[in-house]
Amino acid sequence: MAERLNLKELSVKWQAKWAAAELFKTEDPLTSAKETYYCLEMYPYPSGYLHMGHVRNYSLGDVKARFERMKGKNVLYPMGYDSFGLPAENAAIQDGGHPHDVTEKNIDGIKQQQKLMGISYDWSREFATSHPDYYIWNQWFFLKMFGKGLAYKKGGLVNWCPKCNTVLANEQVIGDGVCWRHEDTEVEQKELEQWYLKITDYADELLADIDKLEHWPDRVRTMQRNWIGRSEGIDIHFPLDGTDKILPAYTTRCDTIYSVTFVVIAPEHPLVMELCKGTPQEEEVKRVVKEIRKQTEIERTSPEGKDKIGAFLGRYAINPVNGEKIPIWVANFVMMYGTGIVMADAHDQRDFEFAQKYDIPLKFVISDDGLPIDASKASRAYLNDGTLFDSGEWSGMNNREALPEMTDWLEKKKWGEKQVNFKLRDWLISRQRFWGTPIPIIYCDDCGTVPVPEKDLPIELPKQADFQAGGNPLATVEEFVNTTCPTCGKAAKRETDTMDTFVDSSWYFLRFCDPGNAKEAFNKKITEKFMPVDQYIGGIEHAVLHLLYARFFTKVARDLKMIDVDEPFARLLTLGMVTKDGAKMSKSIGNTVDPGEIIDKFGPDTARLFILFAALPDKELEWSDQGVEASHRFLQRVAALPNEVTYADGPTKHDTYVQSKLHSAIKGVTTEFENLRHSMAIQHLMELVGVLQKYKEGEVHKSLWDDALEALIKMLSPVAPHLCEELWAGLGHDSFVSVASWPVHDEEKINKHAEAAIEAVDALETDIRTVLNLANITPKKITLFVAEPWKFDFALLMKEQLEQTADPKEILSAIMSSPLKQYGQQITKLVPAILKDRSKLPEYLMQQEEESKLYESFTQELGERFNCDVIVEQAADSKEAKAKQAMPGKPAILVA
RNA sequence: GAGGGGGUGCCGGAGUGGUCAAACGGGCUGGGUUCAGGACCCAGUAGCUUAGUGCUUGCGCGGGUUCGAACCCCGUCCCCCUCACCA
């Protein structure tokens with residue numbers, strides 16, 4: 001075997017050549033005639049090193065970008081850095097220094113590694129969000145949104161992560177109430193005044209447009225739908241007994257209104273204390289509310305802490321539909337959602353349990369058959385749909401059918417008001433941290449909250465700050481904090497909160513279209529040529545967070561007339577995890593594999609090939625060292641393919657087969673790459689390499705061989721670009737394969753080889769399908785592929801020899817000197833087997849003769865039936881025989 | 001509880017009505033090559049059986065539709081993920 005290529009050295013060489021040629025620079029979309037294609041990976045937070053998840057992400061994107069480029073598109077494929085954020089600031093706090101320096105160092109580190117992978121980014125578009133020429137536009141967006149009332153400040157309970165030392169958005173609180181960055185840290189509630197973006201204004205559109213995202217994974221669409229959480233219902237107005245006040249209770253199930261026997265109010269609700277004031281139950285209520293407040297903390301840590309507790313407020317409400325006096329309770333299971341008050345009945349499990357615990361009367365109004373059932377004897381809530389009873393004029397109706405009508409009826413009677421509720425809350429963007437975009441607001445004693453005028457942007461972060469002081473370092477910088485009011489000119493103070501870094505990533509994909517623009521966030525004309533992103537690739541962890549915010553910002557930008565698209569990402573691919581030993585790669589478990597080491601040892605092409613081949617992109621990928629070596633082996637095999645080829649004078653008998661395989665590979669690889677099924681595309685390539693290796697064993701037809709080799713190198717180049725450049729140059733090209741044109745398949749050439757390979761002999765008599773298939777085709781020539789047609793001759797020869805001698809060696813050499821020697825391998829096995837029991841030879845001979853006659857008659861029959869030539873041919877090898885269904889006694893037929 | 005995705009060989013993982021004992025890769029076994037290891041090449045890898053062949057079982061479990069099912073339908077069990085006292 002030839003010596004192995006050093007794929008690492010190769011990659012360095014070609015990366016330098018690409019860079020020198022500026023090969024991957026996007027063309028100006030306003031002058032280029034090419035169709036644009038925008039491929040984007042979620043840009044990284046620069047932590048200084050690359051992990052396997054990154055490698056997977058970038059490899060997937062790069063294949064797509066290279067593929068589209070080779071198909072003649074003007075591809076926008078950029079890379080940048082999400083460089084604001086806590087880790088850099090924390091590093092500065094720990095080690096001294098400035099987050100800026102930490103960040104720049106980390107960007108250099110990660111960029112180095114990205115470049116080693118040979119990803120075909122247009123590096124001229126690179127930017128980092130922590131640079132003022134980027135974040136100035138965050139501030140600009142904020143001012144625009146402030147102007148439209150979409151950015152506002154309000155007080156209220158907010159999520160606070162004690163580790164981050166800052167507030168969090170609802171979306172950043174995950175799982176059992178923990179911080180998205182610190183899964184071991186419980187989020188606390190604090191009363192603070194904070195800046196919000198009014199994403200709820202777009203709730204309806206964000207929800208409705210999910211339907212347009214047909215190329216997004218269902219999972220993500222569902223998650224967004226759930227997060228927005230739209231529900232249609234009605235606020236039912238329960239008069240407060242003895243007053244003219246009303247208690248509104250939100251419900252989606254007003255069909256159960258006749259079963260309502262009590263009302264429950266959330267412990268945080270301001271009315272709780274007001275209502276119980278002066279009642280005998282006041283002290284008890286206070287005690288229970290206090291207990292609930294304490295309990296919620298414990299509840300968050302233990303998933304089992306869902307015991308329902310509550311207290312009677314000593315007051316009553318009136319059920320408007322039947323005038324019944326019903327008690328008002330406070331209970332821990334009611335949230336401050338909707339109106340913070342719910343109506344309770346026996347058709348809800350929680351209400352039911354609570355009522356049982358506190359002996360509150362219950363009644364049913366729905367049963368399977370509409371016959372009354374008694375709730376006092378029931379042990380659980382009745383949750384099924386069924387027929388209403390004891391429900392006034394609605395009795396006898398199916399409850400689901402009645403629901404919309406009852407809603408209208410309640411509203412008409414002025415007992416309630418239709419209401420749409422969303423779970424989505426406004427986006428809290430203030431962060432009490434230094435390393436983020438300063439919020440461009442000034443507080444003046446006289447003029448109040450004043451936005452910074454656009455001409456004064458950017459408000460830059462100070463070069464120095466005290467990171468050891470604790471709290472928000474920005475607040476310690478006097479020169480930053482103290483300013484003058486833009487309106488009245490008097491001394492004033494700047495807002496010291498910075499923006500959530502998710503603001504940065506909410507529009508960075510727009511900036512990539514026009515990254516150098518100093519006059520505006522991006523030019524509308526240019527950006528519209530690229531947007532929406534054709535293919536977006538990233539982790540599932542952003543299913544709600546980033547992807548929802550980005551959709552929101554896109555809609556805001558549209559309403560600001562900055563761009564004319566509704567949705568930013570046409571196709572979304574969410575990556576599966578990279579695991580090792582069955583667990584997600586993580587430093588704490590210690591099962592990580594350093595991409596740098598793999599690249600060093602096997603070269604970037606191997607790393608890319610393995611990671612693309614090992615699993616489909618959205619599936620979990622289990623790391624395997626053997627798999628990496630197998631990938632390396634494959635690349636070496638490809639590298640050796642052009643060596644030591646013997647050319648035939650003209651066509652060879654395998655040409656049609658090889659050509660058919662080549663074209664079906666082109667077809668397969670193309671569709672699989674189109675649909676981002678990289679591992680499947682690679683399978684086709686591996687198959688093709690196998691075919692070409694076999695082909696090479698004999699003499700090859702030069703023009704076909706060259707075509708096949710070129711096509712193979714082109715198709716492999718998105719996966720293993722460096723090796724393919726080398727091989728491409730080896731074929732005598734002085735251009736780059738990275739920008740060569742993608743091969744096109746010829747359907748006819750695929751079919752030429754095997755129009756129909758069908759089980760035959762007995763099939764002719766019995767298998768209807770065979771006849772039907774044949775009937776649909778007008779054959780010019782039929783080839784019968786027979787597994788081992790030589791066996792009849794062999795048996796004859798064998799018989800002849802046995803009559804002369806008994807020496808196995810002599811027999812063997814006699815056969816080997818006959819034309820049958822080409823089947824030597826099989827014969828050397830067969831001869832001893834037959835010698836073992838000679839008595840069976842006559843039978844064997846007969847069988848073979850029969851078989852051979854069968855072919856003869858079959859050949860004749862087919863010839864007559866279809867009026868064409870029929871020839872018998874040996875199937876080239878056992879695999880081919882299998883593929884063609886040729887077996888002894890059962891030839892395969894090939895119709896041409 | 002609601003929603004989403006899954007259960008295929010020793011393993012990863014294709015396949016969604018016939019050409020399926022099941023692509024492609026890995027592993028393992030045997031053979032070749034080699035001083036040896038690696039690499040490379042060939043064959044085998046559900047069970048029984050033959051010199052070649054063939055038969056049976058088989059794609060979580062049970063049933064159904066069909067000439068025919070890993071694939072369609074019904075039931076059932078299990079796993080993963082997301083949201084969750086949202087009324």
Side-chain angles (χ1 to χ4, degrees), chain A residues 1-4 174-176 217-223 225-227 229 231 233 249-254 256 264 299 303 306-308 331-339 341-345 347-351 353-354 383 421-423 540 543-544 610 613-616 618-622 624-627 629-634 636-637 640 677 679-680 682-687 690 693 697 754 756-759 763 767-770 773 787-788 791 794-795 825-826 829-837 840-841 843-844 847-848 851 878 882-885 887-890 892:
Chain A
M1 196 65 222
E3 82 286 2
R4 316 184 102 199
I174 59 165
D176 260 341
D218 282 341
R219 211 150 75 98
V220 175
R221 300 206 293 168
T222 311
M223 280 163 78
R225 254 184 223 116
N226 289 344
W227 187 262
S231 75
Y250 178 72
T251 182
T252 54
R253 287 293 307 278
C254 68
T256 63
V264 194
E299 220 183 32
K306 305 231 161 159
D307 268 352
K308 290 172 179 50
N332 59 344
F333 70 91
V334 175
M335 309 285 106
M336 265 312 287
Y337 164 83
T339 61
I341 303 170
V342 301
M343 61 184 218
D345 56 68
H347 293 288
D348 181 287
Q349 188 58 29
R350 291 155 302 177
D351 299 349
E353 281 171 24
F354 184 76
L383 302 172
N421 263 323
F422 290 93
K423 213 180 76 171
I540 185 74
V544 175
F610 166 70
F613 178 59
L616 284 170
D618 54 336
K619 297 266 171 68
E620 195 174 277
L621 186 156
E622 170 73 14
S624 145
D625 290 330
Q626 284 115 337
E629 276 166 31
S631 297
H632 192 236
R633 237 164 22 221
F634 171 74
Q636 295 292 347
R637 249 203 313 270
R677 292 161 52 95
S679 61
M680 302 306 283
I682 294 167
Q683 280 177 26
H684 282 115
L685 290 170
M686 285 176 165
E687 241 178 312
Q693 263 181 340
E697 279 171 16
I758 311 151
E759 286 183 46
D767 193 333
I768 300 161
R769 199 163 44 85
T770 304
N773 274 341
E788 287 155 330
K791 277 198 172 157
F794 165 76
Q825 215 183 351
Q826 284 116 304
K829 280 185 192 164
L830 222 71
V831 170
I834 288 174
L835 288 176
K836 222 167 51 181
D837 183 2
K840 283 185 179 172
L841 184 63
E843 195 193 330
Y844 181 50
Q847 275 175 18
Q848 295 303 330
E851 215 169 87
S878 63
K882 208 172 165 192
K884 288 177 187 151
Q885 286 304 296
M887 287 165 199
K890 256 191 188 182

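Within every chain, numbering begins at 1; the chains are lettered A, B, ... in the order of the sequence lines, protein sequences first and strands thereafter.
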Review point. Do the side chains of Met343(A) and Asp351(A) get nearer than 4.5 Å, heavy atoms only?
Key: no

Check your understanding: CH2 of Trp227(A) versus C1' of G4(B): gap in Å, rounded?
Key -> 17 Å

Practice item. State which residue, out of Asp348(A), Val334(A), Thr251(A), fulfils the side-chain contact (heavy atoms from CB on, under 4.5 Å) condition with Val342(A). Key: Val334(A)

Point to revise | Closest listed nucleotide, where the reference is the side chain of Gln693(A) and the choices are A23(B), C41(B), C85(B) | key: C41(B)

Exercise for review: Tell me the partner of A39(B), counting only Watson-Crick (N1-N3 plus N6-O4 or O6-N4) or G-U wobble (N1-O2 and O6-N3) with both under 3.5 Å; none if nothing fits.
Suggested key: none

Practice item. Find the partner of A70(B): check Watson-Crick (N1-N3 plus N6-O4 or O6-N4) and G-U wobble (N1-O2, O6-N3) distances, both under 3.5 Å, and reply none if neither fits. Key: none

Check your understanding: Considering all heavy atoms of both residues, which atom of Val220(A) and which atom of Ala543(A) are nearest to each other, and what is their separation?
Key -> CG1-O, 3.8 Å

Point to revise | Watson-Crick/G-U partner (both atom distances under 3.5 Å) of G58(B) | key: none

Review point. So which one's nearest nucleotide on RNA chain B is more toward 5', Ser679(A) or Val342(A)?
Key: Ser679(A)

Exercise for review: Would you kindly give the CG-to-P distance between Leu616(A) and G15(B), to the nearest whole Å?
Suggested key: 7 Å

Review point. Partner of G44(B) by Watson-Crick or G-U wobble geometry, both contacts under 3.5 Å, or none?
Key: C28(B)

Check your understanding: Are Lys619(A) and G12(B) close enough that a side-chain N or O sits under 4.0 Å from OP1 or OP2?
Key -> no

Check your understanding: With nearest nucleotides of RNA chain B determined for Met335(A) and Ser624(A) from heavy-atom distances, which residue corresponds to the more 5′ nucleotide?
Key -> Ser624(A)

Check your understanding: Would you find a donor on one side and an acceptor on the other, under 3.5 Å apart, between the side chain of Asn421(A) and the backbone of Ser231(A)?
Key -> no

Check your understanding: Is U82(B) paired to anything, Watson-Crick or G-U wobble with both distances less than 3.5 Å, and if yes, which nucleotide?
Key -> A2(B)

Review point. Any side-chain N or O of Arg677(A) less than 4.0 Å from the OP1 or OP2 oxygen of G15(B)?
Key: yes

Exercise for review: Please tell me which of the listed nucleotides, G25(B), C41(B), A14(B), lies nearest to the side chain of Ala630(A)?
Suggested key: G25(B)

Point to revise | Whole angstrom value for the distance that separates C1' of G1(B) from NE2 of His347(A) | key: 18 Å

Check your understanding: So what does Val334(A) hit on the nucleic acid, given a heavy-atom distance under 4.0 Å: a base, only sugar-phosphate, or nothing?
Key -> base

Practice item. Provide, to the nearest angstrom, the distance between the CZ atom belonging to Arg219(A) and the C1' atom belonging to C81(B). Key: 6 Å

**Study point:** Listed nucleotide nearest any side-chain atom of Asp218(A), set G25(B), C83(B), G4(B)
**Key:** G4(B)

Revision key, fill the gap. Ranking C85(B), G3(B), C24(B) by distance to the side chain of Gln683(A), first place goes to C24(B)

Revision key, fill the gap. Separation of A23(B) atom C1' from Phe613(A) atom CZ, nearest Å, is 10 Å

Point to revise | Non-hydrogen side-chain atoms of Phe333(A) and Glu353(A) separated by less than 4.5 Å | key: no

Exercise for review: Tell me whether the OP1 or OP2 atom of U82(B) has a side-chain N or O from Arg225(A) closer than 4.0 Å.
Suggested key: no

**Study point:** Separation of atom CG in Asp625(A) from atom P in G26(B), rounded to whole Å
**Key:** 14 Å

**Study point:** Side chains of Phe610(A) and Glu629(A) in contact at under 4.5 Å (non-hydrogen atoms)
**Key:** no

Review point. Is the base of C83(B) touched by the side chain of Lys423(A) through a donor-acceptor pair closer than 3.5 angstrom?
Key: no

**Study point:** Candidate nucleotides A87(B), C41(B), G27(B), ranked by approach to the side chain of Gln626(A) - the nearest
**Key:** G27(B)

Practice item. May I ask which nucleotide in the shown strands pairs with A87(B), Watson-Crick or G-U wobble, both distances under 3.5 Å? Key: none

**Study point:** Atom of Lys308(A), atom of Asn332(A) and distance for their closest heavy-atom approach
**Key:** CA-OD1, 3.5 Å

Check your understanding: Asp348(A) CG to C85(B) P: how many Å, rounded?
Key -> 13 Å

Check your understanding: Roughly, in whole Å, what's the span from CE in Met680(A) to P in A23(B)?
Key -> 12 Å

Point to revise | Arg637(A), nearest nucleotide to its side chain (from C41(B), G5(B), A87(B)) | key: C41(B)

